[in-house]
Peer 1: 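Handing you a structure now.
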Amino acid sequence: MKKTSCLLALVLMLVPVTQLAAQTQKNAESAKKNIARLGVGTKAKTVITLNDRSKVKGYIYSAGDDDFVIRDSKTNSSTTVRYADVMSVNDKSSKDLLIGLGAAAVGATIFVLVISHGVPIR
């Protein structure tokens with residue numbers, strides 16, 4: 001009975017460790033897919049959030065099987081990041097595109113309101 005209790009306690013302690021390892025693997029696979037989708041080059045701008053909550057900004061300079069290199073456009077400094085250390089990948093160009101689309105929608109709405117209310121445009 002005592003051996004069973006000890007074994008059960010050990011298993012219960014290992015469950016969170018196993019879950020953390022599985023989540024880290026899932027994040028690494030997701031990061032690898034997102035980096036591949038972005039590609040490499042100065043147009044592949046991104047903000048990487050690491051597992052320690054720090055962020056790395058720049059563009060994807062190169063990508064390998066286990067890690068990738070992100071280069072800061074302003075300082076030209078490079079940082080090698082392991083996929084396993086990545087919490088999330090934010091596509092900077094998609095965010096900029098959404099902001100642009102939002103601004104265009106606001107402009108179009110104002111234009112339609114001005115036209116529908118008969119306000120002359122000079």
Side-chain angles (χ1 to χ4, degrees):
M1 177 85 166
K2 192 171 185 176
K3 285 183 181 182
T4 305
S5 297
C6 289
L7 183 60
L8 182 61
L10 180 63
V11 168
L12 289 175
M13 287 189 297
L14 291 177
V15 167
V17 173
T18 305
Q19 288 175 340
L20 180 62
Q23 184 63 39
T24 300
Q25 180 66 27
K26 184 178 173 185
N27 286 352
E29 290 170 7
S30 175
K32 194 169 187 176
K33 286 179 187 175
N34 286 330
I35 296 300
R37 180 183 51 81
L38 283 172
V40 296
T42 56
K43 294 190 183 219
K45 295 179 182 176
T46 187
V47 178
I48 306 295
T49 304
L50 302 175
N51 291 331
D52 67 0
R53 306 262 191 240
S54 64
K55 295 187 181 204
V56 182
K57 296 179 187 178
Y59 67 91
I60 306 302
Y61 180 74
S62 66
D65 290 334
D66 299 321
D67 56 30
F68 61 96
V69 177
I70 187 166
R71 181 170 273 176
D72 187 315
S73 302
K74 295 176 185 170
T75 65
N76 212 26
S77 63
S78 296
T79 305
T80 300
V81 180
R82 293 180 335 126
Y83 293 113
D85 295 336
V86 175
M87 181 183 292
S88 67
V89 176
N90 297 318
D91 183 353
K92 195 169 185 331
S93 60
S94 295
K95 184 177 177 184
D96 292 344
L97 177 65
L98 288 176
I99 291 170
L101 289 173
V106 168
T109 302
I110 291 171
F111 179 75
V112 168
L113 288 174
V114 167
I115 295 298
S116 67
H117 283 65
V119 177
I121 300 176
R122 296 181 188 175

Peer 1: Taking the side chain from Lys32 and the backbone from Asp65, do they hold a donor-acceptor pair closer than 3.5 Å?
Peer 2: yes
Peer 1: Does any N or O in the side chain of Tyr61 come within less than 3.5 Å of the main-chain N or O of Thr79, such that one atom is a donor and the other an acceptor?
Peer 2: no
Peer 1: How long is the gap from NZ on Lys45 to CD1 on Ile60, to the nearest 0.5 Å?
Peer 2: 12.5 Å
Peer 1: Evaluate whether atom CG of Asp66 has more than 12 neighbouring non-hydrogen atoms of other residues, nucleotides or ligands under 6.0 angstrom away.
Peer 2: no
Peer 1: Is Val56 linked to Val89 within one hydrophobic cluster, defined over Ile, Leu, Val, Met, Phe, Trp and Tyr using a side-chain heavy-atom separation of less than 4.5 Å?
Peer 2: yes
Peer 1: CG of Asn90 to CD1 of Ile48: how many Å apart, nearest 0.5 Å?
Peer 2: 7.5 Å
Peer 1: Hey, what do you get for CG (Asn76) to CZ (Arg71), rounding to the nearest 0.5 Å?
Peer 2: 4.5 Å
Peer 1: List the atom of Thr49, the atom of Lys55, and the distance in Å for their closest heavy-atom pair.
Peer 2: OG1-CE, 3.8 Å
Peer 1: If I take atom OH from residue Tyr59 and atom CD1 from residue Ile70, how far apart are they, to the nearest 0.5 angstrom?
Peer 2: 10.0 Å
Peer 1: Quick one: pull up OG in Ser54 and CE in Met87 and give me the separation to the nearest 0.5 Å.
Peer 2: 9.0 Å
Peer 1: What is the minimum heavy-atom distance between Ala44 and Gly39, and which atoms define it?
Peer 2: CB-O, 3.5 Å
Peer 1: Side chain to side chain contact (heavy atoms under 4.5 Å, CB included) with Phe68: which of Val86, Val40, Leu38, Thr46?
Peer 2: Val86
Peer 1: Between Thr80 and Val69, is a side-chain contact (heavy atoms from CB on, under 4.5 Å) present by the stated rule, with each step listed?
Peer 2: CA-CA 4 Å; Thr80 300; Val69 177; 3.8 Å; yes
